[in-house]
Amino acid sequence: MIRLNKIGKKFGQITAVAEVSLAIERGEIVGLLGPNGAGKTTTLRVIAGVLPPSKGQVTIDGKNFFDNEQELKARIGYLPENNPLYDELTVEEHLRFFASLKGLKGQERAEALAFAVKKTGIAEVYYRVIGELSKGYRQRVGLAQAILSRPDILLLDEPTEGLDPNQRRDIQHLLTNLGRERTVIVSSHVLSEINKLANRMVIISQGKVVGDDTPANLTKAKSGQQRVEVEMVGTDVKTALEALAKGIKVSKTGTNRYQVDMAGGKDIRPEIFRLAVKKKWLLLTMKQSERQLEDVFAELTEME
Ligand code: ATP
């Protein structure tokens, strides 16, 4: 189990992480989400043991980095943000170099390389110079490097950032496979992506945890709220809809399209229908929509 006990990190006057406590069980795939500057990268670096916290402790199965640095680092595969690679080396040279740094030699190193190359599907670019590779393949090489020592914990900092949609999908598949036998913490801005991959979302904002639940529970969190999408032709529709009830919020989302948000559990659709009849408006569509994860994210990370 990975346990973060009230960790905080300051850089001079800047508080990157105010206070984060988390317990992550073996086998969990956790999405770490938050806006720019929320403290995701810093949190991952602290968990990876590459940055000491200013306060609090990180333990992995009860062990800390201070007493067990070698052992814990071998258990962690870390893909840093922007995936720094040696562009002038071939993939083979790069991975051999990092395998040696991890203390792997001879047969053991050969096996580690074969394992990482197979898992990440990079055999076809193994002898190519890294600087010539597509961004998707570069990410794969970074992942191969991260799993060389067969870690049971993977920390991935925005692994799909800057990739085109096809490359994103490839990396997502790869992460789903790698996540089967491991504990994974993956940071991202892309909610829909994390939603598919992770079974738990930790949302951080201004260096604090502001949400921690399954994607399904997070969208249910404020179930008192309902949203109705309406397509209606008429005059002054927005104003009239707004006057329908207390606590109603109406936004125009396109030509003749409106989004009606209503606090409280009441279904507002019958009233919208009656209003349309009374005003002789033309009602083309009306449907209730689920609260989107994006809305929850925006609410939770809204700056005070
Ligand atoms: P992004 O999504 O933009 O990568 P993030 O959530 O990963 O953001 P961090 O990179 O952890 O956020 O940064 C949190 C805060 O700490 C920011 O205000 C950042 O400027 C600051 N910070 C991070 N690293 C350092 C550093 N080495 N020196 C000074 N300030 C830093």
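Whatever order the structure lists them in is the order used to number ligands and atoms, beginning at 1.
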A quick test of your reading: do over 12 heavy atoms of other residues, nucleotides or ligands sit less than 6.0 Å from CZ of Arg3? no
NZ of Lys252: more than 12 outside heavy atoms within 6.0 angstrom? yes
Cation-pi geometry met for Lys9 and Phe11 (6.0 Å, 45°): yes
Does Gly34 reach ligand 1 with a nitrogen or oxygen that is under 3.5 Å from one of the ligand's nitrogen or oxygen atoms? no
Check whether any N or O atom of Glu81, backbone or side chain, sits under 3.5 Å from an N or O atom of ligand 1, and answer yes or no. yes
Nearest-0.5 Å distance, CD1 of residue Ile60 to CD1 of residue Ile47: 8.0 Å
Write out the residue and atom name of the closest protein heavy atom to atom 13 (O) of ligand 1, then the distance separating them to 0.1 Å. Thr42 OG1, 3.9 Å
The one among Val17, Thr41, Ile14, Thr43 that brings a heavy atom closest to atom 7 (O) of ligand 1: Thr41
Using a strict 4.0 Å cut-off to heavy atoms of Asn36, name the atoms of ligand 1 that fall inside it. 1 (P), 2 (O), 3 (O), 8 (O)
Does a side-chain N-to-carboxylate-O contact under 4.0 Å join Asp157 and Arg45? no
Consider ligand 1: state whether an atom of it lies below 4.0 angstrom from any non-hydrogen atom of Glu158. yes
Can you say whether the rings of Tyr86 and Phe98 are parallel (under 30°), tilted (30 to 60°) or perpendicular (over 60°)? parallel
Polar proximity ligand 1 side, Ala16 side, N/O cut 3.5 Å exclusive: no
Is at least one protein non-hydrogen atom found at under 4.0 angstrom from atom 19 (C) of ligand 1? no
For atom 27 (N) of ligand 1, what is the nearest protein heavy atom, given as residue, atom name and distance? Phe11 CE2, 3.5 Å
Could you give the distance from CD (Glu69) to CG (Asn64), rounded to the nearest 0.5 Å? 10.5 Å
Around atom 2 (O) of ligand 1, find the nearest protein heavy atom and jot down its residue, atom name and distance. Lys40 NZ, 2.8 Å
Considering only non-hydrogen protein atoms, determine which one is nearest to atom 14 (C) of ligand 1 and report residue, atom name and distance to 0.1 Å. Gly37 O, 3.4 Å
Atoms of ligand 1 less than 4.0 Å from Ala38 heavy atoms? 5 (P), 6 (O), 12 (O)
For Gly39, is at least one N or O under 3.5 Å away from an N or O on ligand 1? yes
Using a 4.0 Å heavy-atom cut-off, say whether Pro35 meets ligand 1 through its side chain, its backbone, both or neither. backbone
Donor-acceptor pair, Asp212 side chain versus Val202 backbone, under 3.5 Å? no
Under a 4.0 Å N-O cut-off, is there an ion pair linking Lys119 with Glu181? yes
